[in-house]
Each structure stands twice: as C-alpha cells, then as structure tokens.
Amino acid sequence: DKEKFYCLIEFPYPSGEGLHVGHPRSYTALDILARKRRMQGYNVLYPIGFDAFGLPSENYAIKTGIHPAITTEKNIKTFTQQLKSLGFSFDWERVISTTDPQYYKWTQWIFLRMYEHGLAYKTKIPINWCLSCKIGLANEEVVNGKCERCGGPVEKREKEQWMLKITKYADRLIDDLEKVDYLEKIKTQQINWIGRSEGAEIRFELEGGDDNLTVYTTRPDTLFGATFMVVSPEHPLLEKIVSSDQAREVTEYVKQAKRKSDLERSELAKEKTGVFSGAYVVNPVNGRKIPIWVADYVLMSYGTGAIMAVPAHDQRDYDFAKKYDLPIIEVVAGGDISENAYADIDQGVLVNSGQFTGLTVSQAIIKITQWLETQGLGQAAVNYKLRDWVFSRQRYWGEPIPMVYCDNCKSTGASKDGWVMVPEKDLPLQLPKVKNYEPTDDGQSPLALIEDWVNTKCPKCGGKARRETDTMPNWAGSNWYFLRYLDPRNNKALAGAEKLAYWAPVDWYNGGMEHTTLHLLYSRFVYKFLYDIGAIPQSCGSEPYLKRTSHGMILGAGGEKMSKSRGNVVNPDEVIKEFGADTFRVYEMFMGPFDQAIPWDTNGVVGVKRFLERIWSIYHGGVESVDQADDSLLTLIHQTIKKVGDDIETQDYNTAISAMMILTNKIIELGRFDQEVAHNFLLILSPFAPHLAEELWQEMGFKKSISLEPWPEYDQDLIKEQEISLVVQVNGKFRDTIKVEVGITQQQAEKIALASDKVANYLEGKKIKNIIFVPGRLINFVI
RNA sequence: GCCCAGGUGGUGGAAUUGGUAGACACGCAGGACUUAAAAUCCUGUGGCUGAAUAGGCCGUGCGGGUUCGAUUCCCGCCCUGGGCACCA
C-alpha cells in the first residue's frame, strides 16, 4: 500500500571496453533519488538490464570468429561486477538482456502487432553501399563518404527495407508533450525533429506531356514568384522528363549525387549545384513557362521531392538563381531583393500577384490555397520532417524479423504482398548459428546463407516459403525494456496487466541528450501503439515517461570526448580501487552541473576524498560530542537538510554536496557537535556515500540499515535567519552592508544606512533623487 | 547549412521573478608538525594600483541597448559541445 516510484536510467550496451566513467553519472544521480525516495516511504523500483544487440559485438565476431553471444555474456559479467562495486541500489532480481530469446520473443511479438495494424511495411529506400566490400553500411560506418573498413567509395543504393509508420503518430507525439514533465530543451528538440509544417501541395502540368509534377510548399502565397522548379536527383519522374540534349549531363549529375553522403550534401550547402533537365512546367496561376532543374539540395525524403523555387523569398532558391542566372520576381513587397531573399511572413503585402495583389501574406496563404482547391490544382497539406523508421538491418546480431515470404499465398491472394506472419506460438523465432558473420555479397544478412533456416513452410498454406533474413535494429529491444522490468519472467505477455497497472508509467527517466530524438521518440511511439491496442492498461496513460531529465557527457581531461584513440580514457575500476566507491560517486556528482558536459579531472577527486575522510574523523573523535551543540550549528544542519533535499529534486547535486562540505567545515571549526546533528548529517549523506554512511551509522550502535530510516524533516522556524545584511548602494554601486532585522521598513533602513560613514561619504553635498528599497535585499540611493 | 545547449579567476564551478560576482573544491604561495618527505592542520589567493586585512579603478566570450542597478533581459556577432535527414 506504499505509493510506487519507478525511476529509470538508460540501460547500457555492454561493450568490450567495460564500464565508462560516463555511465555512473546517470546511475549515481538516480540512485541518490531512489535511496531518498525509499527513505521517504515510497515503494521504489530501480532496475538495470543490458541492451546487448549491436554492431560492435558483431564486428568483433567478424574479426575473431567468436560468437557474439559468448562475447556478450562475458561483457555482461564484467559490467555487472563493475556496477555492483559502485553500490547502486538496483533490483538485481529483474535483470534483463535484449538478446535473451525469452525477451526478444516479445520484441518480435510487438513487430507482428505493428504489421497487423498496418504500421509495418516494406519499401525501397536508399542505403549506404560500399562498392568494394559489397555490403550495406550503417551511417556511422561511412566516414567522409568513404567506407570505414576499406576506405573505398560508398554510394546510395535502393534496397527493400521494413519500415515502421511512426509518422502516423507524429501529431500525438507533439501534442502529448503537454502531458509530461520533460526538460524544456528536450521538448523543443522533439518538436523540431518531428517538424510539423502546414502548407499546400500544388500540381504543375508538364509542358508538352500528360504528366504533372506535384510540389509541397509552406508558402503558397508566393506562387506568382515561382521562376523555376527543382527536383531531387532521386525523383521518379526525372528519367522520363529529361530532354535528350540534357540527358548526359543529368545522368552524370545524378551519379555524382549518389556518391555523396547526406552529410556531404549538407556540408557542400554553401555552394549549390544543379543541372537543367531540359523540361518545363507551366505555372497554373499565370501560364508562365518554368524550367525544371535537378539539384541535390532538394531531398526525396521530404515533401514530394520537388519544390517550386521562389528566389525572391527563399534564400537557398535565391543563391541558386544567382548562380545559374535565373529570373527573380518579387511578389511580396517589404524587403530589398537586390541583396537577399525577403522571407518575412509576418509582414509584407503581395505584389505582382494578379487578383491576389494587395493581400497580406497570411491572407494570401489562405486565399491562394482555397483558389487552388476550387480549380483542382492543389490542396492544403501538412508535412513532417519526421520520416518513417527504417526497421531492418542486413546484419546477424539482432532480433530476426518473424516474417515469411510465400509465393503461393501471394498468387492466391491469401497475402496481398506475399508476406505472412510467423504465428505467435512459434515465437521466439530464434537466431540460428552461422559460420560466417559477414553480410553476403549481394548485401543480404548472413542468415540468408543458412538454407535449412531460410527455407520453411508457409504458416498459412503449408507450401514452400522463405524466411525474412533481415534483423531488427538495436533500438527494437530498447524501446520497451522498461515494461519488461515490471514482469521479467512472464511468458504469456510482455508484462502482466496488473503489474503494468501498478508500476507503469515510469515516474522519472534520466538519460543522455543524444537520445532525445531517436530512442526517446521511438519508445514513446511504441508505447503509444501498445497502449492503443490494449497491451497496456488504459489507467497507465498514453505516455511512458512522466518526467525526463538528461545528464551531460563526461569528457576527457582536455575537454575532448574520451576515446581509445585519444588515449584519454579513465577506467572507473582504477579510480574505485585508489579512492573508493563513495569518493567516485560523490566526485561524479560534485564535478559540475549535472546536465552539462564536463571534463574529468583526477585532481578534483582528491578534494572529495578529503571531504569524506574529514567526515570519518568527525565521527571518530575528531570533534567533541556534546549534549547540545551551538544554535548556529542547529540552524545550519536544518538549512542543510532543506538544501540537500531540494537539490536532489532539481538535480543540483554539486551544490548539495557543497552544502554538506560547508556543514563539515563548520563542525570542525566549532570543534563539537551533538547527536541530532550527527544523525541528520549521516541520513542526508547516505544516498550520496552509502558505504561510509552505513558504516558510521552501525558504529553509532544502530542495528537497522540507515537506508531503511526515514528521510529527516527540517524545522521551518530554525532555518529562518533573524538578522540579515542589507546591501547599501549609491547609484547602483555597492558601498556597504548593514545588519538589520528581517522585517525592517524602508524608513528604518534609510535611517540606519544614512548613519553609515561609508555611505555618508558618497552622499555628502549630493541631492538624493530617488531611493530604491528591496525588502530583505538592498537599499539604493540615486543621486 | 539546420536544431538544441553552453562561454564567469590559474582550473571545475556558485550566484538568475535583474539586487554584495567568484560559495564550495582543486591548484598555487606562506606557515605549523617532521631529521626529512608524504599525509594532515592553519593563513592567504580575480586583475591593476596601494605599506595596507584604508581606498580607488577594471572585471562574467565580443559589440551595442534597456535599467537606479545586467553574469541574469533585448539586438547583432564570435567560439565550444551535442544532434542532424539542405525540411522548401
């Protein structure tokens, strides 16, 4: 009947390098919170697990021939031992690994439900293809447009991939942010990533052909200013419309674009490139003939892959028009288009726009869209930056996608596209053993070579069928892991309804800012889907995480990212061995503001070590233990209880520790303390330095663990200061402070302030024009 | 190029409904203890000036602005970190 509190950290990928000093930053922070919440009487869940599918294990297997499962098991053991040495209060009974078939059974189950609901589909999309290795590459493996393994050229190649329709949830992923308590910057990043925009789709007739070209624009009001059209090099109509005399040039340009990575395409943004296709469209509003260009700054993945270029009112179009000497027609007055495009939408009036001339931009957007609709030339449309999620990988070390392809079912119509689901009773579809972990020459996963696995019976018609050989990305398992913790051994469901109803959603989730747009968004999507199909009880609500905070990265000593190649990696085991687990924990919390990146500094660890040793000595006769210590210490301990408690809630761990250092220094300065101070200090210290606090607690004669004691309350009356020092300024410059009673009035303050010699010096012979009094803060004489 | 953060002493940082800039810690300097060193303890420590723990001036990335008063708010830049899919 205790109130539940579910706090969560992002579970680690158990890499071969072992625990990084960055991992414990987040784990310690929420361990402090978990311990405080337990002391406050909550039923706390603080679980840990391993996100163990992934590229590094697979690459290691390719290099050494050691099965990824073996590597993974070994790495998990190392991580477990390292995590345990830091004294985190994780629930070790609930440990999960995404590579466990009993776990990924449910990852596969979720995929099947998505397929059933039309959210999983196959389509052709471009992937990175290494021309010499003849395999598909992850973005991360493409470095400066070259293959990371062989250094050879990489190009884009179309490949059939499973996709998840996250775009269907785009609006809800934005709107529901109102229901949750995330750091504002996290919400902003997500909203910008989803990138909802409203505009119009407009059809342009191709000159001398039956086809038409549809563009998406957020500025339909500038339609009269469209002087050319740009299609992306991947546009499906391009081949058809290109004129014979431009064909060679266009083909060459498309080939070049294929070689460029997306990063390159964006880095070369300053100098725009493009070629004329030789074809024209007709502007529906004025019948003007408009040339069609091809340029790689237009992406097939956004909108329709084609834009109407309005150089007068879009800077990129402007640059392009200047470079290729294309006409620039002003249709919104208010700017100076001789220098730059005029893109302000809040002011400006239409010119050169026929019947729409004279309208404001916002009026024109509505009127022109309406006009397009009545003419059958286009309609209002919403677009998102967010794209559907590519869900398949041509890799071995991932969850097999539980789908079977059956020609027979396709021909009979039993399956529209030939794909048939593996029945739930056959899950988990286990990853078979292979001899070779390399993808095949034609870019298929290594699973494709295992004939007796690939060839199977169709679950629907019993005929010959072939299994899908792609596997899922590493995000598949990490999207829902927080639900499995609630019921980790359940083999009837991903988690039982009662357990879900009790524990879900997560109350506080902390993770890296780098996961804001991928993991965090993907997992919100998956959770919403599970909620929609009733796999999660209604009472849990439609958001997985009520609160989301983020920690900054820990960098190497020089402020650079820690990496093997830079040789600036700090091994947590060595720090723990030399300084102890509590020092390690407290240092990581003390080193700087929790949400910001910060360089590691071994010198700083020394200060924390001294702090903890001073505490030890206080409790070992270093100061006198008296019946009742000074009032000033009593005030300070209560102020510290408040400060530490508040700071844990706002994640200002560094100032909480600083407050405890101040308390320590005060006790040493006084040379004495009493039982009340001694007890309370250990209680508030215990979440930060659990080993030390527990040891001292036991030495004081307590039998029960300090972690089971209640969190101390502070006394409101005791923390109030009776006297304050009021700042006296003359013309805004600090001149003196005066000791005054808390509730002093302006008249009294003026009197005391004017009596000060220092102040009088500055006021002598001057006329006081104004006096500003801020109660409890300052008094300022303006002369 | 786009989105999100950040820039304060020798170093990590503290302080924001606008109100004493530099808490706490590291480092450094001086001292105590020691045969000596380490550890520990004490004192000092933003810069310039000054005999001064008297006073003065300067000082929170840069340039402007608002204000009695700006690290904090506004405008324009520069630099660093995280993310990226040129988002029309």
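The basis for the numbers below is simple: all heavy atoms, side chains too, and nothing from hydrogens, waters or symmetry mates.
- In summary, A/Arg219 and A/Glu198 do not engage in a salt bridge, as defined by a charged side-chain N under 4.0 Å from a carboxylate O.
- Contact between the side-chain N/O atoms of A/Arg610 and the OP1/OP2 oxygens of B/rU40 is found at a separation under 4.0 Å.
- A/Ile307 comes within contact range of at least one nucleobase, with a heavy-atom separation under 4.0 Å.
- Every side chain to side chain contact (heavy atoms under 4.5 Å, CB included) that A/Ile329 has, sequence neighbours left out, goes to A/Thr227, A/Arg288, A/Val331, A/Asn352.
- Distance check on atom P: B/rA39 versus B/rU16 gives 36 Å, rounded to whole Å.
- You'll find that the side chain of A/Leu386 is closest to B/rA85, out of B/rC86, B/rA88, B/rA85.
- Residue A/Thr655 is in sugar-phosphate contact alone, with no base atom involved, counting any heavy-atom pair closer than 4.0 Å across all strands shown.
- Residue A/Gln729 places its side chain closer to B/rU20 than to any other of B/rG82, B/rU20, B/rC86.
- Remark: RNA chain B takes part in the stems B:1-7 with B:78-84, B:10-12 with B:24-26, B:27-32 with B:40-45, B:46-49 with B:55-58, B:61-65 with B:73-77, each of 3 or more antiparallel Watson-Crick or G-U pairs, criterion distances under 3.5 Å.
- Syn is the classification of B/rG9, since its glycosidic angle stays within 90° of 0.
- Note on ring orientation: taking the six-membered ring where Trp is involved, the planes of A/Trp475 and A/Tyr522 are perpendicular (angle over 60°, cut-offs 30° and 60°).
- For A/Asn780, taking side-chain heavy atoms from C-beta onward, the closest of the listed nucleotides B/rG19, B/rA88, B/rC86 is B/rG19.
- Note on A/Arg777: only backbone sugar-phosphate atoms sit closer than 4.0 angstrom, heavy atoms only; bases stay farther off.
- When the nucleotides B/rG81, B/rG83, B/rU20 are ranked by their closest atom to the side chain of A/Trp193, B/rG83 comes out on top.
- Looking at heavy-atom distances under 4.0 Å, A/Arg614 makes contact with sugar-phosphate atoms alone, never a base.
- Here side-chain hydrogen bond (donor to acceptor under 3.5 Å, both in side chains) pairs that include residues 770-783 of chain A, with residues two or more places apart or in two chains, number zero.
- Nearest-nucleotide positions on RNA chain B place A/Lys643 closer to the 5' end than the other of A/Ile668 and A/Lys643.
- The side chain to side chain contact (heavy atoms under 4.5 Å, CB included) check on A/Glu184 picks up A/Lys187, with sequence neighbours excluded.
- We find that CZ of A/Phe611 is positioned 19 Å from C1' of B/rA39, with the value rounded to whole Å.
- If you check every strand for non-hydrogen atoms under 4.0 Å, A/Asn770 touches nothing.
- Taking the side chain of A/Lys185 as heavy atoms from C-beta on, and the options B/rC4, B/rA88, B/rG13, the nearest nucleotide is B/rC4.
- Residue A/Glu514 places its side chain closer to B/rG83 than to any other of B/rG6, B/rC87, B/rG83.
- A/Asn665 comes within 4.0 angstrom of sugar-phosphate atoms only, judged by non-hydrogen atoms across all strands, and of no base.
- In this view, A/Lys609 satisfies the side-chain hydrogen bond (donor to acceptor under 3.5 Å, both in side chains) rule with no residue, not counting sequence neighbours.
- Comparing atom distances between the A/Phe734 side chain and each of B/rC57, B/rG83, B/rA21 picks out B/rA21 as nearest.
- Residues satisfying the side chain to side chain contact (heavy atoms under 4.5 Å, CB included) criterion with A/Tyr318, sequence neighbours excluded, are A/Gln315, A/Lys322, A/Ile328, A/Ala341.
- The nucleotide whose nearest atom lies closest to any side-chain atom of A/Ile598 is, among B/rA88, B/rA5, B/rG13, B/rG13.
- Contact annotation: A/Arg316 side-chain N/O to B/rC87 OP1/OP2 distance is under 4.0 Å.
- Using bins of under 30°, 30° to 60° and over 60° for the plane-to-plane angle, the ring pair A/Trp389/A/Phe525 lands in the perpendicular bin.
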For this session: Take A/Lys185 and A/Asp595, measure what salt bridge (charged side-chain N to carboxylate O under 4.0 Å, His left out) needs, and give me the verdict at the end.
Result: CA-CA 11 Å; A/Lys185 62 179 173 183; A/Asp595 65 335; 3.7 Å; yes

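- Look at A/Asn654 and you'll find a side-chain N or O under 4.0 angstrom from OP1 or OP2 of B/rA14.
- Across all strands, A/Tyr216 comes closer than 4.0 Å to base atoms (heavy-atom distances).
- Using a 4.0 Å heavy-atom distance criterion, A/Phe590 is classed as a base contact.
- Taking side-chain N and O atoms only, A/Asn192 has a distance below 4.0 Å to OP1 or OP2 of B/rC4.
- With B/rA88, B/rA23, B/rC86 as the candidates, the nucleotide lying closest to the side chain of A/Leu299 is B/rC86.
- For B/rG83, its base never sits under 3.5 Å from the side chain of A/Gln189 at any donor and acceptor pair.
- Residue contacts for A/Lys385: at a heavy-atom cut-off of 4.0 Å it reaches a base atom on one of the strands shown.
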